[in-house]
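Report on one structure; see the data block that follows.
The structure presented is a predicted model; accordingly, all values stated were derived computationally and were not measured. Every chain is numbered from 1, with letters handed out A, B, ... down the list of sequences.
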There are 4 protein chains.
Amino acid sequence: MARPRSDEKRSAILAAAVRAIDRHGPGAPTALIAKEAGVANGSLFTYFQTKSALFNALYLELKRDMAAAALAGLPAVADLPEQLRHVWSNWMEWAVRAPQKRQALARLGVCDEVTVTTRAQAQRIMEELAYRMKPPPARGSMREAPLAFVAAVMNSVAETTMDFMLTDPAHGEHYCQAGFEAVWRMLS
Amino acid sequence: MARPRSDEKRSAILAAAVRAIDRHGPGAPTALIAKEAGVANGSLFTYFQTKSALFNALYLELKRDMAAAALAGLPAVADLPEQLRHVWSNWMEWAVRAPQKRQALARLGVCDEVTVTTRAQAQRIMEELAYRMKPPPARGSMREAPLAFVAAVMNSVAETTMDFMLTDPAHGEHYCQAGFEAVWRMLS
Amino acid sequence: MARPRSDEKRSAILAAAVRAIDRHGPGAPTALIAKEAGVANGSLFTYFQTKSALFNALYLELKRDMAAAALAGLPAVADLPEQLRHVWSNWMEWAVRAPQKRQALARLGVCDEVTVTTRAQAQRIMEELAYRMKPPPARGSMREAPLAFVAAVMNSVAETTMDFMLTDPAHGEHYCQAGFEAVWRMLS
Amino acid sequence: MARPRSDEKRSAILAAAVRAIDRHGPGAPTALIAKEAGVANGSLFTYFQTKSALFNALYLELKRDMAAAALAGLPAVADLPEQLRHVWSNWMEWAVRAPQKRQALARLGVCDEVTVTTRAQAQRIMEELAYRMKPPPARGSMREAPLAFVAAVMNSVAETTMDFMLTDPAHGEHYCQAGFEAVWRMLS
DNA sequence: CATGAATGAGCGTTCATTCAT
DNA sequence: GATGAATGAACGCTCATTCAT
């Protein structure tokens with residue numbers, strides 16, 4: 001099957017899915033997503049074979065988006081802690097800037113429709129983040145933990161931090177700081 | 001008085017719900033839950049006014065169960081690190097012993113049917129855990145973070161650790177150890 | 001089967017049914033009726049074998065109540081028009097005084113659960129009213145109409161009049177008058 | 001454009017609803033209506049958002065149908081009584097010709113799902129009938145009654161007459177006559 | 001390819017009636 | 001007899017997916 005006509009429509013569907021999942025969770029009807037995207041009900045299935053396929057694609061897209069944001073503008077020359085802080089800030093800022101994406105991603109993360117395969121791909125994306133943030137292991141037993149575990153822990157702390165930043169924006173900076181410190185200690 | 005409402009049936013429904021949510025997520029049909037519990041479809045609604053009510057009750061029950069397991073047999077006299085390690089071990093063991101409960105709890109935690117009120121109650125339960133584990137803050141900026149945030153971060157690391165322990169049981173002990181160390185460093 | 005214990009309970013159920021049907025129509029749950037009557041769910045079925053049986057009994061009771069009210073205090077010696085006006089006034093006053101009964105009766109009148117047998121019995125009750133109101137037929141073709149038809153027409157005009165009196169109480173007297181006049185002309 | 005919404009199907013649903021309501025009252029299951037209309041269960045909801053919406057639309061449609069039938073072929077030049085008799089005959093004939101519609105309309109008329117708004121629209125339709133039948137008020141107190149009341153009374157007598165015509169068709173003509181006379185006297 | 005009507009299995013919940021206590 | 005929990009068929013409505021246009 002040739003690639004469907006319009007990349008624009010594909011993107012519109014993905015963007016609409018973000019908003020729909022943010023508001024209604026993974027139970028958001030495909031009809032609603034299509035409507036928000038400005039395409040017909042059935043057209044959604046031209047671009048994604050099933051609702052699951054859409055969700056899997058979206059999950060990866062959001063992970064990539066998040067990772068790219070976190071790594072954006074990374075100063076090549078800077079001492080390690082500064083780099084780490086930069087990545088962390090970027091990451092948290094992404095969540096604050098695009099709360100719908102953040103929420104959609106969180107909801108997709110726990111939804112059965114996202115397959116193990118997809119999750120594995122996503123993990124690989126995240127491991128790069130972890131890799132960049134991980135200092136040379138000096139001591140402690142976390143150093144022997146597989147990268148996947150480190151990445152997952154880091155990610156879960158990040159998620160929690162984002163939650164608090166979004167729920168209580170007045171102290172956003174404070175949570176951001178505390179979250180970073182937690183991760184930093186964990187890793188060092 | 002007529003046949004009294006049976007605690008046994010109530011428990012059977014809750015237990016059935018655990019299994020059903022473990023397998024099918026919060027979308028698990030009430031009919032399935034009832035069937036697994038060995039009661040009629042409509043009887044479920046004698047014990048819980050709505051599916052939501054059932055889920056909220058179950059969420060609290062599972063949190064309480066988990067907290068109780070974590071705090072079980074806490075040695076009164078022991079130095080702090082030992083106590084912490086004990087709690088952490090209990091906690092992880094609970095997840096390994098009752099993976100369905102663990103999974104159901106995780107799924108309920110991200111489901112819209114669980115209300116803010118219920119979450120607030122649950123948080124209070126978990127804060128006790130955090131309180132017991134929290135060492136006297138000596139330095140660092142985590143010390144100024146509200147207890148809720150500390151509890152949430154700790155919980156998220158625990159969840160991640162459980163995931164790895166359940167997915168890769170062969171290295172369960174290793175993850176348990178690494179997770180503990182992460183939390184320990186974070187807090188100290 | 002002996003008559004059930006308490007006539008009081010039977011009456012309480014009937015009275016509760018009036019209120020429930022007034023508010024919810026014939027779809028009112030038996031459980032609600034029982035609750036309003038202050039008896040247990042199942043007890044209702046000790047006094048009335050089925051919901052239908054309850055409704056049929058209530059229908060007759062209300063018709064009787066209405067007819068009795070209409071004929072109450074009928075002056076033995078008075079010219080015909082005066083008697084008729086008296087009956088009509090009584091009738092309308094009943095509706096105004098007991099709007100729930102009136103509404104319940106109206107709702108039961110169009111409900112399938114009330115059987116033809118019951119309706120026939122009710123008609124006999126109403127025919128007495130018609131008989132008392134019917135002047136000696138002098139002319140016109142209504143004179144040849146069967147009493148049942150006359151009674152039914154009279155009843156339908158009365159129902160309509162009641163509706164307007166209850167909906168627009170400010171002009172109640174006016175509608176009462178106009179309704180009476182309509183019936184009077186019809187019959188004379 | 002995709003398959004357009006079919007007026008044929010819409011009509012089939014309305015017609016099926018007439019039959020279903022005639023037989024089972026407003027409690028008729030939507031599934032039954034859909035089946036009788038030869039469409040899928042869910043298709044009914046493509047044409048009418050809810051069961052209530054269907055009932056409201058049907059109520060208006062039937063009222064319009066009835067009014068149109070009553071006014072059909074009204075001789076332009078004829079003395080007043082003759083015109084009135086013509087309308088009345090048409091009206092009664094409609095009931096005899098389409099007893100299911102008549103019955104469905106009667107049942108819908110007392111059903112809570114038909115809203116006040118719909119009833120108001122229906123009243124406007126019926127007032128035209130009343131207007132055409134109302135002779136120039138010469139005397140009596142009905143002349144001061146609002147048109148709505150006159151229309152309602154006329155309608156209720158018509159309904160009663162229809163009932164007798166349908167229940168006892170052998171004397172249909174007789175009831176038709178007597179009903180007309182009743183209305184005529186009432187109004188004149 | 002785009003459209004949106006058509007499909008029908010599936011869901012949460014209700015309720016008349018029964019029956020264990 | 002009184003109670004109210006138990007039952008399970010039934011209902012209105014949704015929604016992923018298909019397919020006629």
Mind calculating the distance between [atom1] ([X]) and [atom2] ([N]) to the nearest angstrom?
X: Lys51(C); N: dC15(E); atom1: NZ; atom2: P; value: 8 Å
X: Leu54(D); N: dC13(F); atom1: CG; atom2: P; value: 10 Å
X: Phe48(C); N: dT17(E); atom1: CZ; atom2: P; value: 13 Å
X: Gln49(D); N: dC15(F); atom1: CD; atom2: P; value: 13 Å
X: Phe45(A); N: dT18(F); atom1: CZ; atom2: C1'; value: 9 Å
X: Leu44(D); N: dC15(F); atom1: CG; atom2: C1'; value: 16 Å

Listed partners of [X] passing side chain to side chain donor-acceptor pair (under 3.5 Å), at least two apart:
X: Ser11(B); value: none
X: Asp163(D); value: Arg102(D)
X: Asp112(C); value: Arg107(D)
X: Lys63(B); value: none

request  = Please list residues of residues 10-33 of chain D whose heavy atoms come under 4.0 Å from any atom in DNA chain E, ordered by number; otherwise none.
outcome  = none

request  = Would you check if Lys101(A) and Leu105(A) make a side-chain contact, meaning some heavy-atom pair closer than 4.5 Å?
outcome  = no

Pairs under 3.5 angstrom only: tabulate donor-acceptor contacts from the side chains of residues 51-59 of chain B to other protein residues two or more places apart or in another chain.
| unit_1 | atom_1 | unit_2 | atom_2 | d |
| --- | --- | --- | --- | --- |
| Lys51(B) | NZ | Pro26(B) | O | 3.0 |
| Lys51(B) | NZ | Ala28(B) | O | 3.2 |
| Ser52(B) | OG | Glu113(B) | OE1 | 3.1 |
| Asn56(B) | OD1 | Thr115(B) | N | 3.0 |
| Asn56(B) | OD1 | Thr115(B) | OG1 | 3.4 |
| Asn56(B) | OD1 | Thr118(B) | OG1 | 2.5 |
| Asn56(B) | ND2 | Ser52(B) | O | 2.8 |
| Asn56(B) | ND2 | Glu113(B) | O | 2.9 |

Donor-acceptor contacts, no H, no angles, side chain residues 41-48 of chain D, under 3.5 Å, sequence neighbours left out:
| unit_1 | atom_1 | unit_2 | atom_2 | d |
| --- | --- | --- | --- | --- |
| Thr46(D) | OG1 | Ser43(D) | O | 3.4 |
| Tyr47(D) | OH | Ser6(D) | N | 3.0 |

N/O contacts under 3.5 Å, protein versus nucleotides 6-8 of chain E?
| unit_1 | atom_1 | unit_2 | atom_2 | d |
| --- | --- | --- | --- | --- |
| dA6(E) | OP1 | Lys9(D) | NZ | 3.1 |
| dA6(E) | OP1 | Tyr47(D) | OH | 2.9 |
| dA6(E) | OP2 | Tyr47(D) | OH | 3.1 |
| dT7(E) | OP2 | Ala40(D) | N | 3.1 |
| dT7(E) | OP2 | Ser43(D) | OG | 2.9 |
| dG8(E) | N7 | Gly42(D) | N | 3.3 |

request  = Select from Thr50(C) and Ser52(B) the residue whose nearest nucleotide in DNA chain E is closer to the 5' end of that strand.
outcome  = Ser52(B)

ask   = For the residue pair Ala104(C) and Val18(C), what are the closest heavy atoms and their distance?
value = CB-O, 3.9 Å

Tell me which pairs pass salt bridge (charged side-chain N to carboxylate O under 4.0 Å, His left out) where either residue lies in [range], with sequence neighbours left out.
range: residues 38-48 of chain C; answer: none
range: residues 32-47 of chain D; answer: Arg19(D)-Glu36(D), Arg23(D)-Glu36(D)
range: residues 4-16 of chain D; answer: none

request  = Find the runs of at least 3 consecutive base pairs, i with j, i+1 with j-1 and so on, that include DNA chain F, using Watson-Crick or G-U wobble geometry with both distances under 3.5 Å.
outcome  = E:2-21 with F:2-21

